[in-house]
A.B. asks: 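Below are the structure tokens for one structure; questions will follow.
Below, read A as the first sequence line, B as the second, and so on, with proteins coming before strands; counting in each chain starts at 1. What's counted below: heavy atoms across the whole structure, side chains too, no hydrogens, waters or symmetry copies. Owing to the predicted nature of the structure, the values given are computational and were not obtained by experimental measurement.
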2 protein chains.
Amino acid sequence: MAGTQTVRRSPADKHDARRNQLAESALTTLGELGYARTSLREIANNSEFSHGVVHYYFHDKLELIVYCVRYYKAQCVTRYDAVVSDSTSAEGLLDAFAAKLVETLRDEAPMHRLWYDLRTQSMFEESLREAVTMIDATLQEMIWRVVSRYAELADRPTAMAPSAAYAVLDGLFQQALLGHIAGQPEALDSIASQVHGLMPLMLAPAPS
Amino acid sequence: MAGTQTVRRSPADKHDARRNQLAESALTTLGELGYARTSLREIANNSEFSHGVVHYYFHDKLELIVYCVRYYKAQCVTRYDAVVSDSTSAEGLLDAFAAKLVETLRDEAPMHRLWYDLRTQSMFEESLREAVTMIDATLQEMIWRVVSRYAELADRPTAMAPSAAYAVLDGLFQQALLGHIAGQPEALDSIASQVHGLMPLMLAPAPS
DNA sequence: GCAGCGTCTTGACGACTGTCAAGACTTTTC
DNA sequence: GAAAAGTCTTGACAGTCGTCAAGACGCTGC
């Protein structure tokens, strides 16, 4: 309460800062190794601390993982906001959206395979389910902002429910990620053209 | 070569039979626990053998897993063949296909979450990649047989590449599986109606 | 019955894991 | 500057894992 100036921060803030610092180290490790092969010692090795410190800031390994997942969400959710707000035509939005998809696929593949890993693990481990369900809903909203804005710019109503639109685009993205990681160079171009072909189908037929 | 009658089988056949028997025990365990949490001892517990026998029939844990994945494929690949061959109209095929999707989702959820688990793990573990890529291609062909037959019956050309059609339907299926396992009762009805809405979009617009 | 072979069990090994307690080091407080 | 509180390291624990060697069991051919 008192003394929280620019330099000096409250102990609670510092505590949270350390948790975030550990979360970032953990996310790096998780993105490299995947959920199953990531140990607390390996996470600590990728940070500037020793392995015991994790239990000072997190009660559990699971608490750390869930914290990481939620922390990661905050970075994801605004990814396409610029695409939505900056586009002035349906075609322009589509191009920008596809380009952003390709960019995120190329630059953040480890984070995305981690997401798919965690989502799949939640089918086996109930403790992950709540966080995963919440993020999945957030991602669906994110996609829907793109699709509904696309419909608005095209002056045509949407022809698909938000959940279906998300599932379908997610399927394309996941396939592209798989191909990209497997070393197929055509995966990036492929996702772009597939998205260009698919998005118009999400709108009601144009009044011709 | 000699003496292979109805009753007596060659040692090589018996060897293969044991491998398949172990593969089935392994698949049961993998479907319950997932790739990461499945140990060789647990697999052996779900069979009538002890944990050491695995190393008699398989060199590695990984060799067992890959063998399982390939073994599992043989059961998958013909799943929708009856749908394709028995349908006489586009609407009939669509209904049968959607019903089969719901049935497989309801009755074989563990096997499918295992498939998604292994496919995701292949993004981290290269040794799984070859088998996964091969199965993915086989599944894509399976889906394409459905879609192209659907187009044939509807007397309209397809408007989507095989890979896109597979990715899109796979996305819907995965979302439904996730919902179903998370205990959402509406997941089964939802996938049926979503597929009904999506499949017509895979064909070129009807000449009206 | 005995040797030989294929099959399977048992028990052990080294490595790795999450967890936690004991204490060292640093910072804050009075 | 001493005491107290907060922060971090070290080392150990119990457990699990994949792997493998040694040997037991059962079957076949002689």
A.B. asks: After noting the C-alpha distance and the side-chain angles of Ser190(B) and Gln175(B), does the key distance pass the side chain to side chain donor-acceptor pair (under 3.5 Å) rule?
C.D. replies: CA-CA 10 Å; Ser190(B) 178; Gln175(B) 184 183 72; 5.7 Å; no

A.B. asks: Mind calculating the distance between NE2 (His15(B)) and P (dC5(C)) to the nearest angstrom?
C.D. replies: 17 Å

A.B. asks: Just how far is it from atom CZ of Phe49(A) to atom CZ of Arg18(A), taken to the nearest 0.5 Å?
C.D. replies: 3.5 Å

A.B. asks: If you draw a 6.0 Å radius around CD in Glu126(B), do more than 12 non-hydrogen atoms from other residues or ligands fall strictly inside?
C.D. replies: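 Atom CD in Glu126(B) is not crowded, with 12 or fewer foreign heavy atoms closer than 6.0 Å.
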
A.B. asks: For the side chain of Arg113(A) and the backbone of Gly31(A), is there at least one donor-acceptor N/O pair under 3.5 Å apart?
C.D. replies: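 Confirmed, Arg113(A) side chain pairs with Gly31(A) backbone.
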
A.B. asks: Whole-Å distance between dC8(D) C1' and Arg18(A) CZ?
C.D. replies: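 After rounding, the reported distance stands at 9 Å.
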
A.B. asks: Provide, to the nearest angstrom, the distance between the CG atom belonging to Asp16(A) and the P atom belonging to dT7(D).
C.D. replies: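 To the nearest whole Å, that distance equals 11 Å.
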
A.B. asks: Check the angle between the aromatic planes of Phe97(A) and Tyr80(A) and answer parallel, tilted or perpendicular using the 30° and 60° thresholds.
C.D. replies: perpendicular

A.B. asks: Quickly work out the Lys14(A) NZ to dA5(D) P distance and round it to whole Å.
C.D. replies: 17 Å

A.B. asks: At under 4.0 Å between heavy atoms, how does the protein contact nucleotides 17-24 of chain D? Give one character per nucleotide, 5' to 3', with B, S or -.
C.D. replies: SBB-----

A.B. asks: From CZ of Phe49(B) over to P of dC25(D), roughly how many Å is that when rounded to an integer?
C.D. replies: 18 Å

A.B. asks: Where along residues 113-126 of chain B does a heavy atom fall under 4.0 Å from DNA chain D?
C.D. replies: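 By residue number: none to list.
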
A.B. asks: If I take atom CD in residue Gln21(B) and atom C1' in nucleotide dC8(C), what distance separates them, rounded to the nearest angstrom?
C.D. replies: 13 Å

A.B. asks: Can a side chain N or O of Tyr56(B) be found less than 4.0 Å away from OP1 or OP2 on dC8(C)?
C.D. replies: no

A.B. asks: Mind checking whether His112(B) and Tyr72(B) have parallel, tilted or perpendicular rings, split at 30° and 60°?
C.D. replies: perpendicular

A.B. asks: If you look at every heavy atom in Lys61(B) and Thr38(B), which pair is closest and at what distance?
C.D. replies: NZ-O, 3.0 Å

A.B. asks: Phe58(A) CZ to dC20(C) P: how many Å, rounded?
C.D. replies: 15 Å

A.B. asks: What is the minimum heavy-atom distance between Thr120(A) and Phe124(A), and which atoms define it?
C.D. replies: O-CD1, 3.6 Å

A.B. asks: Could you tell me which non-hydrogen atom of Ser148(B) sits nearest to which non-hydrogen atom of Thr158(B), and how far apart they are?
C.D. replies: CA-CG2, 4.3 Å

A.B. asks: Give me the atom names and distance for the closest heavy-atom approach of Ala176(A) to Ile191(A).
C.D. replies: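 It is CB-CB, 3.7 Å.
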
A.B. asks: Would you write out the dot-bracket form of DNA chain C, 5' to 3', with Watson-Crick and G-U pairs under 3.5 Å, [ ] for crossing pairs, | for pairs to other strands and . for unpaired bases?
C.D. replies: ||||||||||||||||||||||||||||||

A.B. asks: In whole Å, what is the span from the CZ atom of Arg19(B) to the P atom of dT7(C)?
C.D. replies: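 My rounded result for the distance is 12 Å.
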
A.B. asks: Hey, mind stepping through Tyr67(A) and Asp60(A) against side chain to side chain donor-acceptor pair (under 3.5 Å) and telling me if it holds?
C.D. replies: CA-CA 11 Å; Tyr67(A) 187 87; Asp60(A) 237 4; over 6 Å; no

